[in-house]
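Some notes on the structure that comes next.
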Amino acid sequence: MQAPSLAELSSLIINCHKCPLSESRSHPVVGGGNIHSKIMIVGEGPGAHEDMSGEAFIGPAGQLLDKMMKYAGIDRTNAFLTNVVKCFPPENRTPRPAEVKACLDFLRMQYLLQHPQLIICLGAVASKAMINQEFSIMRQHGQIQEKKGILFVPTFHPAALLRDPEKKPLAYEDWKTIKKVIEEKGLRG
Ligand code: URA
């Protein structure tokens with residue numbers, strides 16, 4: 001697969017009608033941050049705030065993510081934030097496998113365009129899509145995975161931490177790992 005330009009890719013996403021989410025969305029959410037950075041952060045799909053604005057990770061989960069990123073010494077100038085599906089699943093439900101399948105080429109194109117060296121997968125949907133279908137976030141969060149020279153670190157989705165704050169100490173350990181990888185590999189630039 002060849003990577004289109006960023007503008008071409010945004011236009012493909014904005015005009016996409018490949019799955020039913022395109023009928024109910026207000027705005028598709030392409031992604032945000034720095035597409036030229038070495039770090040990619042992948043969530044599940046836009047929430048209600050993101051759907052209203054078209055901006056990635058601006059709601060409560062995004063605000064918690066900003067804090068976790070800050071802990072790891074990064075911000076939106078040196079990471080690119082995107083999602084497995086680009087349109088809001090109604091009632092904030094988990095995207096269906098057919099919706100993930102219909103949208104996955106956009107994530108692949110973003111990946112080809114960015115060439116990240118580290119991919120932080122937020123939650124089960126992103127970890128399954130990016131690492132493998134059998135991935136278990138409860139059992140394998142925080143375990144560094146390497147595929148074709150790219151490092152993947154799976155961790156809890158910030159929305160899951162807001163729902164269940166008891167998981168926060170586990171997530172903190174994962175972000176310690178992320179911070180260490182960023183420092184050791186010099187990925188901030
Ligand atoms: N949750 C996500 O997975 N992505 C967003 O952009 C917002 C909330």
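Each ligand, and each atom within it, is numbered from 1 in the order the structure gives. All values below come from the heavy atoms of this structure, side chains included, with hydrogens, waters and symmetry mates left out.
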Checklist entry - Any N or O on Phe57 sitting closer than 3.5 Å to an N or O of ligand 1? => result yes
Checklist entry - Starting from atom 6 (O) of ligand 1, which protein heavy atom do you reach first, and at what distance in Å? => result Asn83 ND2, 3.1 Å
Checklist entry - Would you say ligand 1 has an N or O under 3.5 Å from any N or O of His157? => result yes
Checklist entry - Side chain, backbone, both or neither: which part of Glu44 has a heavy atom under 4.0 Å from ligand 1? => result both
For residues 181-189, dump all side-chain donor-acceptor pairs below 3.5 Å to protein atoms at least two apart in sequence or in another chain.
{"residue": "Arg188", "atom": "NE", "partner": "Gly73", "partner atom": "O", "Å": "2.9"}
{"residue": "Arg188", "atom": "NH2", "partner": "Ala72", "partner atom": "O", "Å": "3.1"}

Checklist entry - Backbone N or O of Leu122 within a donor-acceptor pair of the Glu44 side chain at under 3.5 Å? => result no
Checklist outcome for this item: Counting from 1 in the order shown, the ligand 1 atoms closer than 4.0 Å to a non-hydrogen atom of Gly43 are 3 (O)
Item to check | Closest protein heavy atom (residue, atom, distance) for atom 2 (C) of ligand 1 | outcome: Gly45 O, 2.9 Å
Checklist entry - Is a side-chain donor-acceptor pair under 3.5 Å present for Asp51 with Ser26? => result yes
Checklist entry - Is there a donor-acceptor contact under 3.5 Å from the side chain of Asn92 to the main chain of Gly47? => result no
Next on the checklist: Against Glu99, only a single residue in Lys86, Arg93, Lys18 fulfils side-chain hydrogen bond (donor to acceptor under 3.5 Å, both in side chains); can you say which?
Outcome noted: Arg93
